[in-house]
Amino acid sequence: MRTPSARAKSPQNLRSVINATKKLWRQHHLTYDQTRHVAKEVRHALAIERTKMRQRVIARLSREEEARLMTHAYRMKGERGLLIKTLFQTGARVSEFVNIKVEDVFFEEQMILITKAKGGKSRYVPILPELAQELRTHVGQRTVGYLFETNRATCYSPRRIQYIVKETAAQAEITKRVYPHLLRHSVATTLLERGMPIEQIQKFLGHSKLETTQLYAESSTAMMQESYQRALSR
């Protein structure tokens, strides 16, 4: 492998190389995939290894924090408890969650259709019988409209859902930063720990690649080690 000189690594020289590369790629109208292919071939020709990304541990709520969040949410006025429970148990991205409509909920089958999924793909996610019953009571006689909607009968914005989750966690005295995607991480890790096959978790989360879902397996191992050390170090 070639070691770049100090002169080549200087910010000014790197900037000039970046600008020249941008100009060249624009001149040849390269697509994203073509650009990646060119970069790969250049690395191969120069015998430059791609930098390995450090494995990251996915944050999640503990079981005690999950219970505390839900309990406090149900003590608050309105539909907040049911909203957060549905967000958690479906593992939906917040952008998917806000677009769920009443007609997307199949109460008898205990399934929800996620239609506004990432990448334009739809998927079904299962729900527990208890949640299905709560949602049936929640929608009442409504057959259309958003599952959770504002007083103007419009969908919540992702930012509003983020605020609701953050505010509820703060009032439940959960010290870590809590946001909708953290709930998605938490339910995925819980499903994995309780024996759900990783391929099924991939479909549940709507991941296009299994490698993305496998991060939860790494996270689960790390948390097991942490719990083990904490238990035996007393």
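- Of all the heavy atoms in Ile127 and Leu135, the pair that sits closest is CD1-CD1, 4.2 Å.
- With Phe97 as the aromatic partner, Arg93 does not meet the cation-pi criteria of under 6.0 angstrom to the ring centre and within 45 degrees of the ring axis.
- In terms of modelled atom types and a separation under 3.5 Å, the side chain of Asp104 and the main chain of Ile100 share no donor-acceptor contact.
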Using the rule given for side-chain contact (heavy atoms from CB on, under 4.5 Å), can you reason through Ile114 versus Tyr124, listing the C-alpha separation, both sets of side-chain angles and the distance that settles it, and then say yes or no?
CA-CA 6 Å; Ile114 306 291; Tyr124 285 96; over 6 Å; no
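- Counting non-hydrogen atoms of other residues, nucleotides and ligands closer than 6.0 Å to NE2 of His44 gives a total of 12 or fewer.
- Environment of CD in Glu41: crowded, with over 12 heavy atoms of neighbouring residues, nucleotides or ligands closer than 6.0 Å.
- Cluster annotation: Val125 and Met111 are assigned to distinct hydrophobic clusters (Ile/Leu/Val/Met/Phe/Trp/Tyr, side-chain heavy-atom contacts under 4.5 Å, transitive).
- Between the His138 side chain and the Leu147 main chain, a donor and an acceptor come within less than 3.5 Å of each other.
- Residues Met76 and Tyr179 do not share a hydrophobic cluster, defined by chaining ILVMFWY side chains whose heavy atoms lie under 4.5 Å apart.
- Clustering ILVMFWY residues whenever any of their side-chain heavy atoms sit less than 4.5 angstrom apart, transitively, puts Leu69 in the very cluster that holds Tyr74.
- We find the CD-CG distance between Gln89 and Leu131 to be 5.0 Å, quoted to the nearest 0.5 Å.
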- Task: Start with the C-alpha distance between Glu65 and Arg60, add both sets of side-chain angles, then the distance that settles salt bridge (charged side-chain N to carboxylate O under 4.0 Å, His left out), and finish with yes or no.
- Result: CA-CA 9 Å; Glu65 288 170 333; Arg60 63 163 291 180; over 6 Å; no
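- Arg123 places a side-chain N or O within 3.5 Å of a backbone atom of Phe204 that can act as its donor or acceptor partner.
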Next item on the list: Apply salt bridge (charged side-chain N to carboxylate O under 4.0 Å, His left out) to the pair Glu199 and Lys203, showing each step before the final yes or no.
Entry: CA-CA 7 Å; Glu199 294 82 4; Lys203 293 180 179 179; over 6 Å; no
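- At a threshold of 4.5 Å between non-hydrogen side-chain atoms, the residues Thr190 and Arg63 count as touching.
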Run Ile112 and Phe106 through side-chain contact (heavy atoms from CB on, under 4.5 Å) and show every step you take.
CA-CA 6 Å; Ile112 291 180; Phe106 298 84; over 6 Å; no
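- Contacts classified as salt bridge (Lys or Arg N to Asp or Glu O under 4.0 Å) and involving residues 126-151 (residues at least two apart or in different chains) are given here: Lys85-Glu134, Glu108-Arg136, Arg142-Glu149.
- Annotation: the span from Ile84 atom CD1 to Glu79 atom CD amounts to 10.5 Å, rounded to 0.5 Å.
- Within the 3.5 Å criterion, the main-chain N or O of Ser208 finds no donor-acceptor partner in the side chain of Thr212.
- Checked by atom type and distance alone, the side chain of Thr154 never pairs as donor or acceptor with a backbone atom of Thr150 at under 3.5 Å.
- Linking Ile, Leu, Val, Met, Phe, Trp and Tyr residues whenever their side-chain heavy atoms come within less than 4.5 Å places Phe148 and Val139 in a single cluster.
- Screening Arg160, Lys166, Glu167, Arg159 for a side chain to side chain donor-acceptor pair (under 3.5 Å) with Tyr163, the sole residue that qualifies is Glu167.
- A distance-only check finds a donor-acceptor pair linking the side chain of Arg184 to the backbone of Gly91 [under 3.5 Å].
- Placement of Tyr146 and Tyr156 in two distinct hydrophobic clusters is found when ILVMFWY residues are connected by side-chain heavy-atom separations under 4.5 Å, directly or transitively.
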Give the intermediate values and the outcome of side-chain contact (heavy atoms from CB on, under 4.5 Å) for residues Leu83 and Ile161.
-> CA-CA 9 Å; Leu83 185 151; Ile161 299 296; 4.0 Å; yes
Audit row: Ile174, Lys176, side-chain contact (heavy atoms from CB on, under 4.5 Å) steps and yes/no
CA-CA 6 Å; Ile174 298 174; Lys176 68 179 59 170; 3.9 Å; yes
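- Atom CZ of Arg43 is surrounded by more than 12 heavy atoms from other residues, nucleotides or ligands within 6.0 Å.
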